[in-house]
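One structure is given here, and the rest of the page talks about it.
In this chain, residues are counted from 1 in sequence order.
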Amino acid sequence: MATLPRLFVVRHGITDWNSLGRIQGHAQSHLTDVGLKQAEAIAERLSSERIDAVYSSDLDRAMDTARAIARYHNLPVQPDARLREADYGAWEGRTMDELKELYPDTVTQWMTEPVGVAPTGGESVDQVAARVGALLEDLRLCPEEQIVVVGHGGSVRALLCLALHMPQGYSRRVRVDTASLSIVDLQPTRSVVMAINDRHHLVEVDAVDTFIAF
């Protein structure tokens, strides 16, 4: 019987917008010097693993992180837009303080009802989970046995909630730091989560805690 894949799930390294507390979504932002060091640290962490394929969100911050990992294994990075961060629509590029002034009612509703309320012109958490779930089903059928998946805070949390069979409304309770590693084994009838938000490889990297619970 074929072995089902193990996923090494990575959030991209820290970016300039992470450092400023700006919502990124589908907008492009780029790894800072610290983010590049984080990407190299997770790449070194995974260098001793046998990796058969590397998939990544097609946004630059994720692709740059994925390329650092792929170089150790002489593999191409396979971009997949289903791994993108949530689309935050008109909120992208703004800080939470700015949003509370511009869209006070919607922000309040969204903070308390993340499933039913989407950012202005953007995606709900269930919409993000739907596209990430479709990718998971495709990966379950892949011949590769050990796969790196590089995404974003929103898409990685959605993936972990799907793997744990948790409602997406709980996704904000799952912490996923920049350049962290989570591990998910895909099985025929379920997924088994082996690790969440492992940051041991970042001990010597001056990583800034940018986790925002939304």
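- Put simply, CG on Leu99 and CZ on Arg22 are 10.0 Å apart, with the number rounded to the nearest 0.5 Å.
- In this structure, the side chains of Leu75 and Val148 stay at 4.5 Å or more apart for every pair of heavy atoms.
- For the residue pair Thr106 and Thr120, the shortest heavy atom distance occurs at CG2-OG1, 4.1 Å.
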Inset, instruction - In sequence, state the C-alpha distance, the side-chain angles, and the governing distance for Val176 and Leu160, and then conclude on side-chain contact (heavy atoms from CB on, under 4.5 Å). - result: CA-CA 10 Å; Val176 179; Leu160 291 172; 4.1 Å; yes
Legend entry - Intermediate values then yes/no, side-chain contact (heavy atoms from CB on, under 4.5 Å), Met96 and Val107: CA-CA 9 Å; Met96 283 303 295; Val107 169; 3.8 Å; yes
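- Considering only heavy atoms from C-beta on, Arg6 comes within 4.5 Å of Met194 through its side chain.
- Rounding to the nearest 0.5 Å gives a distance of 8.5 Å between CG of Leu159 and OG of Ser182.
- Checked by atom type, the side-chain pair Gln109/Tyr103 shows no donor-acceptor distance below 3.5 Å.
- Atom-to-atom distance recorded for Asp126:CG and Cys161:SG is 10.5 Å, nearest 0.5 angstrom.
- Considering all non-hydrogen atoms of both residues, His152 and Arg84 come closest at CD2-C, 3.6 Å.
- Residues Tyr170 and Val115 do not share a hydrophobic cluster, clusters being chains of Ile/Leu/Val/Met/Phe/Trp/Tyr side chains in contact below 4.5 Å.
- Panel note: side chain Gln38, backbone Leu202; no donor-acceptor pair is recorded below 3.5 Å.
- The shortest distance between side-chain heavy atoms of Val10 and Ile69 falls below 4.5 Å.
- Cluster annotation: Leu181 and Val184 are assigned to distinct hydrophobic clusters (Ile/Leu/Val/Met/Phe/Trp/Tyr, side-chain heavy-atom contacts under 4.5 Å, transitive).
- You'll find the side chain of Val128 stays beyond 4.5 Å of the side chain of Gln168, heavy atoms only.
- Summarising the geometry of Arg199 relative to Ser180, their closest heavy-atom pair is CG-CB, 4.1 Å, with the distance given to 0.1 Å.
- A donor and an acceptor atom, one from each side chain of Thr15 and Asn18, are located under 3.5 Å apart.
- What you find for Ala118 and Ser124 is that their closest heavy atoms are CB-N, 3.6 Å.
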Inset, instruction - I would like to know whether Arg61 and Gln24 meet side-chain contact (heavy atoms from CB on, under 4.5 Å); could you show each step before the answer? - result: CA-CA 10 Å; Arg61 56 195 185 271; Gln24 298 173 104; 3.4 Å; yes
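- Residues Lys37 and Glu40 are not paired through a salt bridge, judged by the lack of any N-O separation under 4.0 Å between the basic side chain and the carboxylate.
- Taken from CG in Asp60 to CD in Gln28, the straight-line distance is 3.5 Å, to the nearest 0.5 Å.
- Between atom CG of residue Leu164 and atom OG of residue Ser171 there is a gap of 12.0 Å, rounded to the nearest 0.5 Å.
- Within the 4.5 Å cutoff, the side chain of Val54 has no heavy atoms near those of the His73 side chain.
- Contact check on Arg131 versus Glu123 returns a salt bridge, with a Lys/Arg side-chain nitrogen under 4.0 Å from an Asp/Glu carboxylate oxygen.
- Salt-bridge check for Arg11 with Asp177: failed, with every basic side-chain N at 4.0 Å or more from each acidic carboxylate O.
- Both Ile196 and Leu7 belong to a common hydrophobic cluster when Ile, Leu, Val, Met, Phe, Trp and Tyr are linked at side-chain heavy-atom distances under 4.5 angstrom.
- Checked by atom type and distance alone, the side chain of Arg140 pairs as donor or acceptor with a backbone atom of Gln187 at under 3.5 Å.
- Side-chain N or O atoms of His12 include none that pairs as donor or acceptor with a backbone N or O of Leu31 at under 3.5 Å.
- In this structure, the side chain of Glu92 engages the main chain of Ala27 through a donor-acceptor pair within 3.5 Å.
- Counting heavy atoms of neighbouring residues, nucleotides and ligands inside a 6.0 Å radius, atom NE2 of His165 exceeds 12 of them.
- Here the CZ-CZ distance, from Arg67 to Arg71, works out to 9.0 Å after rounding to the nearest 0.5 Å.
- Under the 4.5 Å side-chain heavy-atom criterion for Ile, Leu, Val, Met, Phe, Trp and Tyr, Val34 and Leu20 are members of distinct hydrophobic clusters.
- Within 6.0 Å of CZ in Arg94 there are 12 or fewer heavy atoms belonging to other residues, nucleotides or ligands.
- With hydrogens and angles ignored, the 3.5 Å screen pairs a side-chain donor or acceptor of Asp16 with a backbone N or O of His30.
- Side chain of Asp52 to main chain of Ile147: no donor-acceptor pair is present (N/O by atom type, distance under 3.5 Å, no hydrogens or angles).
- In this structure, the side chain of Ser57 does not engage the main chain of Ala81 through any donor-acceptor pair within 3.5 Å.
- Heavy atoms from other residues, nucleotides or ligands lying under 6.0 Å from CD of Glu101 number 12 at most.
- Between Cys142 and Pro5, the closest heavy-atom pair is O-CG, 4.2 Å.
- Taking every heavy atom of both residues into account, Ala43 and Ala68 meet most closely at CB-O, 3.3 Å.
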Inset, instruction - Check the pair Leu139 / Val149 against side-chain contact (heavy atoms from CB on, under 4.5 Å), numbers first and verdict last. - result: CA-CA 10 Å; Leu139 294 180; Val149 174; 3.9 Å; yes
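- Judged by distance alone, the side chain of Ser155 and the main-chain N or O of Leu83 form a donor-acceptor pair under 3.5 Å.
- Residues Val132 and Val125 are members of separate hydrophobic clusters, defined by side-chain heavy-atom contacts under 4.5 angstrom among Ile, Leu, Val, Met, Phe, Trp and Tyr.
- Side-chain atoms of Ile51 and Tyr72, non-hydrogen and from C-beta on, never get closer than 4.5 Å to each other.
- Between Leu136 and Leu162, some side-chain heavy-atom pair lies under the 4.5 Å cut-off.
- For the pair Gln78 (side chain) and Ala53 (backbone), a donor-acceptor distance under 3.5 Å is absent.
- The local environment of CZ in Arg50 is crowded, with over 12 non-hydrogen atoms from other residues, nucleotides or ligands closer than 6.0 Å.
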Legend entry - Verdict with reasoning, Asp105 to Thr108, per side-chain hydrogen bond (donor to acceptor under 3.5 Å, both in side chains): CA-CA 5 Å; Asp105 294 338; Thr108 298; 5.7 Å; no
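- A donor-acceptor contact shorter than 3.5 Å links the side chain of Glu98 to the backbone of Thr95.
- Phe8 is not listed as a side-chain neighbour of Arg45, based on a closest heavy-atom distance of 4.5 Å or more.
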